[in-house]
Number of protein chains: 2
Amino acid sequence: MILTTAEENYLKAIYHLSDEGKKSVSTNDIAAEMKTKPASVSDMLRKLGEKSVIEYRKYYGVHITEEGKKLALQTIRKHRLWEVFLVEKLNFAWDEVHEVAEELEHIQSPLLIQRLDAYLNFPKFDPHGDPIPDEYGDVRSRPRIQLNEMEIDQSGQIAAVKDSSAAFLRYLDKVGAYIGARIKVLDKVEFDGSLEILVDQKKTLFMSKDVASNILVLQS
Amino acid sequence: MILTTAEENYLKAIYHLSDEGKKSVSTNDIAAEMKTKPASVSDMLRKLGEKSVIEYRKYYGVHITEEGKKLALQTIRKHRLWEVFLVEKLNFAWDEVHEVAEELEHIQSPLLIQRLDAYLNFPKFDPHGDPIPDEYGDVRSRPRIQLNEMEIDQSGQIAAVKDSSAAFLRYLDKVGAYIGARIKVLDKVEFDGSLEILVDQKKTLFMSKDVASNILVLQS
DNA sequence: TTATTTTTTTAGCCTTATCTAATTTCGTAA
DNA sequence: TTACGAAATTAGATAAGGCTAAAAAAATAA
Ligand SMILES: [Mn+2]
Ligand SMILES: [Mn+2]
Ligand SMILES: [Mn+2]
Ligand SMILES: [Mn+2]
């Protein structure tokens, strides 16, 4: 099955929304994610349904099919490999890669991706800590917990960020939080859920619950 | 001026056709180059004319404007830089790069191209020997002559190929002709214009006039 | 269970890029 | 200087992807 760029983008959005544990994904949610109107989504769902990459029952939201999942994971694989390339080889900052990767992921060339993967030494994670699916669509996912859900005195390593917006990533740069950093929860404020964190055994950091909820931790 | 992917492709074709010393470029020639129909070309010429990247007088062909030339050269620059990347970094053969570069050249990110250029060490020529315009659109072109137009006993270096088709490039690989090879014309057959060439002072090669006309030489 | 609100779909329109068929214009040969 | 053939343009369709406004269906509240 060959998809257009627009179809790939929609399918990726549906995959990501499905991944949040929902039974089915709504038209409105897709429209919000894609920054299009619900009417445009309805139209696209019909097309994706005809191509059997989603299961679509009018008025009842969509489910991604196995084939759809495979295709979405291929696009995600390409996106994340390009992000690694941009950061590792072209010295992009991790907050500068998303938009460009959003375009690069649609280049059609299996050879290109295979070679890029080898050239980057078969990376397993992208610059935001997200796992890179292999060429068969398999993702090795590790159990990660949101930082705001950790208890006092628990420790771990920053594994990934949920929000990849430039604003959030630059904030993390500024306070010295990075993928792989060792952290420990020193204190949690009852009132607003904000936290005091020890980073790399030396630096203390205060952050809101909102910030913490966008940091994923590998517990140890 | 921002162009769509289709507009960029047309403008590049017009630039290349203009470069062949013609006064003006015809609708039919553009259609042949783009593998579209003349009717589609007429429509696109109107649009490109409105954007002032070409000068278009109905029924009299087109001239590219200074602004159009600049934009075309930017696309060509991107195309050739990506070709260098594919060959130098991802080990593509020189006959495998064209189609992928045809897609990659449309990625919109000045930072990406600037970084790619630096990463590749500011290459001056692409894998087919074609010069890479600088970021201002300047091309340093060297005087090159078609191999079939050289006289017996003259020598030089293969500088570029006119035809970048996979079939032609693989033929050159097979006979051991490559960009940079030192060559000398040993003999020319009056009857059909075919040539006998000495490559790298050791290997003798026979080639048709047709093949020779697609090899550009830097005379010495 | 009925009425209202929210969600989703449909209808109709736009733009870009293509096509085929019909028409117009150009250049040239008689 | 006209008539004819080639080249180019226009007219009218189609397909993808988007929009707004209207209609329909589902979900929720009364
Ligand atoms: Mn994308
Ligand atoms: Mn990422
Ligand atoms: Mn192209
Ligand atoms: Mn080239």
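Letters go in sequence order (proteins before strands), and every chain restarts at 1.
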Looking only at heavy atoms, the pair that brings I158(B) and Y178(B) closest together is CB-O, 3.5 Å

Distance-only, no hydrogens or angles: does the K78(B) side chain make a donor-acceptor pair with backbone N or O of A101(B) under 3.5 Å?
no

Gap separating the [atom1] atom of [X] from the [atom2] atom of [Y], nearest 0.5 angstrom:
| X | Y | atom1 | atom2 | answer |
| --- | --- | --- | --- | --- |
| M34(B) | K12(B) | CE | NZ | 8.5 Å |
| N148(B) | S194(B) | CG | OG | 11.0 Å |
| I30(B) | M44(B) | CD1 | CE | 10.5 Å |
| L147(A) | K209(A) | CG | NZ | 12.0 Å |

Among all residues two or more places apart in sequence or in another chain, which pass the salt bridge (charged side-chain N to carboxylate O under 4.0 Å, His left out) test with E151(B)?
none

To the nearest Å, give me how far apart CG (L48(B)) and C1' (dA17(C)) are.
12 Å

Do R170(B) and D173(B) meet the salt-bridge criterion of a basic N to acidic O distance under 4.0 Å?
no

Just so I know, are the side chains of Y15(A) and I76(A) near enough to count as touching, which here means a heavy-atom distance under 4.5 Å?
yes

Between which nucleotides of DNA chain D, 5' to 3', does chain B make heavy-atom contacts below 4.0 Å?
dA7(D) to dT10(D)

Heavy atoms within less than 4.0 Å of DNA chain C: which residues of residues 67-76 of chain B have one? Give them sorted by number.
none

Where along residues 26-43 of chain A does a heavy atom come under 4.0 Å from DNA chain C, residue by residue in number order?
S26(A), T27(A), N28(A), P38(A), A39(A), S42(A)

Compile the donor-acceptor pairs under 3.5 Å between side chains in residues 111-123 of chain B and protein atoms, sequence neighbours left out, one pair per line.
residue: R115(B); atom: NH1; partner: L90(A); partner atom: O; Å: 3.0
residue: R115(B); atom: NH1; partner: N91(A); partner atom: O; Å: 2.7
residue: D117(B); atom: OD2; partner: R77(B); partner atom: NH2; Å: 3.2
residue: Y119(B); atom: OH; partner: Y119(A); partner atom: OH; Å: 2.2

Just by distance, with hydrogens left out, do E103(B) and Q108(A) show a side-chain donor and acceptor under 3.5 Å apart?
no

Under a 4.0 Å heavy-atom cutoff, the residues of residues 49-60 of chain A touching DNA chain D are Y59(A), Y60(A)

Please say which of E102(B), H128(B), H79(B), R80(B) ends up in a side chain to side chain contact (heavy atoms under 4.5 Å, CB included) with V97(B).
H128(B)

